[in-house]
*Asks:* 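Before I ask anything, here is the structure I am working with.
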Amino acid sequence: MENHQLIEQFKEEFGYAENVRLFFAPGRVNLIGEHTDYNGGYVFPAALTFGTWAVASSRQDGIYRFRSLNFPGQAVECSVKEGINYKQEDDWANYPKGVLKELLELEGGVNDSAYKGADVLFYGNIPNGAGLSSSASIELVTGLALSKLAGIEVEMLELVKSGQRAENRFVGVNCGIMDQFAVGMGKEGHAIKLDCDTLEYEYVPVKIDGYKLVITNTNKRRGLADSKYNERRSECEQGLAVIQQQLPEVHCLGDVSYNEWVNVKSAIEDEVIRRRVEHVITEDDRVLQATKSLQENDLITFGELMKKSHESLRDLYEVTGFELDTLFEEAAKMDGCIGTRMTGAGFGGCNVSLVKEEAVDAFKKQVAENYTARTGLEPTFYVCEIGDGTKEILLEE
Ligand code: GLA
């Protein structure tokens with residue numbers, strides 16, 4: 001949708017369009033490094049060019065009104081004075097509400113706050129529930145829009161952390177920092193090598209001349225994903241506790257080198273927990289190897305590491321499932337596809353593949369045919385471009 005159309009829509013929803021500002025936050029795709037973020041390991045995500053837009057205008061009465069073109073007919077209102085509370089029926093609007101609450105806390109409470117209310121209209125083109133971070137996207141676009149309208153310069157890294165806290169504390173999903181970081185800090189043409197323990201990061205150019213990143217959506221809804229996600233987190237914590245008995249200086253799995261792991265792994269008696277930790281530690285190494293191979297223009301090695309990552313998520317971490325594994329197998333078979341893996345939390349959602357440009361059409365056609373024949377579901381493809389992180393879009397006067 002064009003900028004002016006978004007503003008017309010705002011006028012239709014709220015009855016005026018004076019003093020509106022426009023903000024954007026992308027979705028993200030993770031190229032490698034899955035389920036490592038909450039273990040203090042490395043990830044390698046990139047921002048996409050699709051995302052969430054917010055048209056916003058200030059109010060002076062302490063009321064925030066949120067609407068979304070994606071969920072027509074649902075207008076959610078909250079008031080700073082009365083307090084911001086989670087309500088199940090507010091559905092998607094709990095994300096902006098949670099972020100508002102975090103922003104208020106950054107300001108040390110609500111008394112005499114700069115947060116004086118706003119009308120906000122959202123529009124997003126990230127498929128929901130596909131593992132491309134539509135929730136982090138709405139969190140970050142809200143964070144930037146509401147802080148700017150309040151006249152407060154909050155650093156992007158603070159908005160990133162506020163988004164994660166909103167998700168952890170308000171919405172109740174115990175996610176790591178990767179999604180919000182990629183959505184907030186993304187940079188066109190680059191992926192971010194992020195150390196999730198120290199938050200040190202490096203932009204790495206994604207130079208893949210002659211190839212395309214193709215995202216394929218399984219179109220399987222991610223049922224039970226949140227409880228399984230939390231279960232994996234707690235399995236990692238149990239593994240860490242055993243390792244700490246041997247290596248007391250270690251404070252997260254990201255601290256453990258592969259060689260240390262080889263020496264301590266027999267101390268973990270539970271075979272399932274041992275596999276979970278083995279995934280995290282080898283995946284962490286794969287991110288380092290993959291970023292290095294990309295920097296050396298060795299796309300073949302990069303692609304091989306993507307496949308190894310998927311196999312580890314399938315066999316050791318067990319978060320893939322029939323649909324993602326079918327896509328992986330069908331994609332890996334195709335001529336011109338040199339790397340492929342699931343991306344995001346798993347249990348459905350999307351796959352990402354590295355495909356020779358001239359093979360993309362055949363890839364889409366054949367993978368769709370084979371995937372549908374085996375699963376009964378129709379996949380969706382997005383040939384993706386890497387875009388910028390969260391920003392204000394300046395409107396012409
Ligand atoms: C989800 C979470 C992230 C990360 C990934 C798995 O996207 O929100 O924090 O844990 O799963 O890598």
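Computed from a predicted model, the values in this text were never measured in an experiment. First listed ligand is number 1; within each ligand, the first listed atom is number 1.
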*Asks:* Between E318 and R275, does at least one N-O distance fall below 4.0 Å, as a salt bridge requires?
*Replies:* yes
*Asks:* Roughly how far apart are L103 CG and S162 OG, rounded to 0.5 Å?
*Replies:* 5.5 Å
*Asks:* I'd like to know if E283 and R286 make a salt bridge, using a cut-off of under 4.0 Å between side-chain N and carboxylate O.
*Replies:* yes
*Asks:* Hey, which atoms in ligand 1 end up nearer than 4.0 Å to a heavy atom of G176?
*Replies:* 9 (O)
*Asks:* Go through the structure and list residues passing ring-ring contact (aromatic ring centres under 6.0 Å, His included) with Y64, not counting sequence neighbours.
*Replies:* none
*Asks:* Any nitrogen or oxygen of Y38 lying under 3.5 Å from a nitrogen or oxygen in ligand 1? Just yes or no.
*Replies:* no
*Asks:* Just jot down the ligand 1 atoms closer than 4.0 angstrom to any heavy atom of C175, in number order.
*Replies:* 2 (C), 8 (O), 9 (O)
*Asks:* Relative to the ring of F66, is the ring of F122 parallel (under 30°), tilted (30 to 60°) or perpendicular (over 60°)?
*Replies:* tilted
*Asks:* Any idea which of E283, H35, R28 brings a heavy atom closest to atom 12 (O) of ligand 1?
*Replies:* H35
*Asks:* Can you tell me the protein heavy atom closest to atom 10 (O) of ligand 1 and the distance?
*Replies:* Y229 OH, 2.6 Å
*Asks:* With a cut-off of 4.0 Å, which atoms of ligand 1 are near a heavy atom of M178?
*Replies:* 4 (C), 5 (C), 12 (O)
*Asks:* Determine all donor-acceptor pairs shorter than 3.5 Å in which one atom belongs to a side chain in residues 377-389; sequence neighbours excluded.
*Replies:*
| residue | atom | partner | partner atom | Å |
| --- | --- | --- | --- | --- |
| T380 | OG1 | N219 | ND2 | 2.7 |
| D388 | OD1 | E188 | N | 2.9 |

*Asks:* N/O of D179 under 3.5 Å from N/O of ligand 1, yes or no?
*Replies:* yes
*Asks:* Any atoms of ligand 1 less than 4.0 Å from a non-hydrogen atom of D37? List them with their elements.
*Replies:* 3 (C), 4 (C), 9 (O), 10 (O)
*Asks:* Please determine if E34 has a nitrogen or oxygen closer than 3.5 Å to a nitrogen or oxygen of ligand 1.
*Replies:* yes
*Asks:* Any Lys/Arg nitrogen of E235 or R232 sitting under 4.0 Å from an Asp/Glu carboxylate oxygen of the other?
*Replies:* yes
